[in-house]
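A short worksheet on the structure shown next.
Worth saying up front: this structure is predicted, and the values here are computed from it rather than measured.
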Amino acid sequence: MSTFQSTVTINKATNIVYQFLADMNNHQQLMPDDISDWSSTVDEARFTIRNMIKLALKIEERTPDTAIRIIPAEKPPFDLELKWVLSGNEDHTEVHFTIAADLNMMMKMVASGPLQKLADDETANLLNILN
């Protein structure tokens, strides 16, 4: 399993950051420019990573003010899990975002860069939106 991680600290209470991330409709704002064909509900999102894959993701688990686990809603080209873990207090929240992907050697060569970019872009955009 390959993991791609990114961490930021946001100057907002943990519950505010959690409420934003717990709604998949808000995740479009976190995506990089190479995402197209976005559609979403509170629990699910569908989109295309240009020149790569179409994904349908759903929130599998919500732990209030602590964690959000996202998994594929439909069979992806490789097994995938996204996890947001929050810690902090009323003044700030440390946000850890992890993408875990089961990539074969060829997919690892092709997808590692874009998946790390996705992790970095999502946390950077979250910081810009909520700070």
Side-chain angles (χ1 to χ4, degrees):
M1 195 66 94
S2 299
T3 57
F4 308 91
Q5 300 179 331
S6 187
T7 302
V8 293
T9 300
I10 297 174
N11 296 322
K12 294 275 191 237
T14 305
N15 67 322
I16 292 171
V17 178
Y18 174 82
Q19 288 171 8
F20 182 88
L21 291 172
D23 185 342
M24 287 297 281
N25 290 308
N26 293 330
H27 286 245
Q28 183 176 14
Q29 300 171 62
L30 304 178
M31 293 292 172
D33 294 337
D34 59 352
I35 299 295
S36 62
D37 304 323
W38 181 273
S39 67
S40 60
T41 66
V42 170
D43 296 319
E44 193 171 301
R46 296 171 183 278
F47 57 92
T48 302
I49 301 174
R50 252 181 287 230
N51 301 322
M52 222 169 105
I53 58 173
K54 290 183 180 193
L55 284 177
L57 300 175
K58 67 179 179 180
I59 295 179
E60 173 72 6
E61 182 181 340
R62 290 179 177 95
T63 307
D65 300 341
T66 306
I68 297 162
R69 189 168 152 260
I70 301 168
I71 63 169
E74 297 174 357
K75 183 71 178 146
F78 48 85
D79 287 336
L80 181 71
E81 178 186 83
L82 291 76
K83 190 162 189 178
W84 295 91
V85 177
L86 312 176
S87 60
N89 55 37
E90 292 300 313
D91 297 332
H92 75 281
T93 303
E94 189 164 310
V95 180
H96 299 280
F97 180 50
T98 303
I99 300 172
D102 190 11
L103 305 173
N104 63 34
M105 191 57 76
M106 186 59 120
M107 283 299 288
K108 196 171 194 174
M109 291 170 46
V110 173
S112 287
L115 287 171
Q116 184 61 56
K117 180 183 181 327
L118 178 64
D120 293 340
D121 285 354
E122 286 204 39
T123 55
N125 291 337
L126 181 67
L127 180 65
N128 289 337
I129 291 166
L130 294 181
N131 255 353

*Asn15 versus Gln19: any side-chain heavy-atom pair under 4.5 Å?*
yes
*For Thr93 and Ile10, indicate whether the former's side chain and the latter's backbone hold a donor-acceptor pair under 3.5 Å.*
no
*Val110, Ile99: one ILVMFWY side-chain cluster at the under-4.5 Å cut-off?*
no
_Glu94 and His96 side chains, donor-acceptor separation under 3.5 Å_ = yes
_Salt-bridge present (Glu74, Lys54; N to O < 4.0 Å)_ = no
_More than 12 heavy atoms from other groups under 6.0 Å of CG on Asn89_ = yes
*Heavy-atom check, side chain of Arg69 versus side chain of Ile71, under 4.5 Å*: yes
*Counting only heavy atoms not in Glu90, do more than 12 sit closer than 6.0 Å to its CD atom?*
no
*In terms of side-chain geometry, is the basic nitrogen of Glu81 or Lys83 positioned less than 4.0 Å from the acidic oxygen of its partner?*
no
*asked:* Taking Ile35 as the starting point, is it possible to reach Phe97 by hopping between hydrophobic residues whose side chains are less than 4.5 Å apart?
replied: yes
*Would you say the side-chain atoms of Ser40 pair up with the backbone N or O of Ala45, donor to acceptor, closer than 3.5 Å?*
no
*Mark yes or no for whether Thr41, through its side chain, and Asp43, through its backbone, hold a donor-acceptor pair below 3.5 Å.*
yes
*Check the angle between the aromatic planes of Trp84 and His27 and answer parallel, tilted or perpendicular using the 30° and 60° thresholds.*
perpendicular
_With side-chain contact (heavy atoms from CB on, under 4.5 Å) as the test, pick out the partner of Ile70 among Glu61, Met24, Lys58, Glu44._
Met24
*Working to the nearest 0.5 Å, report the span between OG of Ser2 and CG of Leu80.*
11.0 Å
*asked:* Quick check against the 3.5 Å criterion: does Ser112 have a side-chain atom that pairs as donor or acceptor with the backbone of Met109?
replied: no
*asked:* Between Asn26 and Phe20 (side chain of the first, backbone of the second, donor and acceptor by atom type, cut-off under 3.5 Å), is there such a pair?
replied: yes
*Residues Thr48 and Ser36: side-chain donor-acceptor under 3.5 angstrom*: no
*Determine, stepwise, if the pair Val8 / Asn131 fulfils side chain to side chain contact (heavy atoms under 4.5 Å, CB included).*
CA-CA 11 Å; Val8 293; Asn131 255 353; over 6 Å; no
_Derivation of the side chain to side chain contact (heavy atoms under 4.5 Å, CB included) call for Leu126 and Leu21_ = CA-CA 9 Å; Leu126 181 67; Leu21 291 172; 4.0 Å; yes
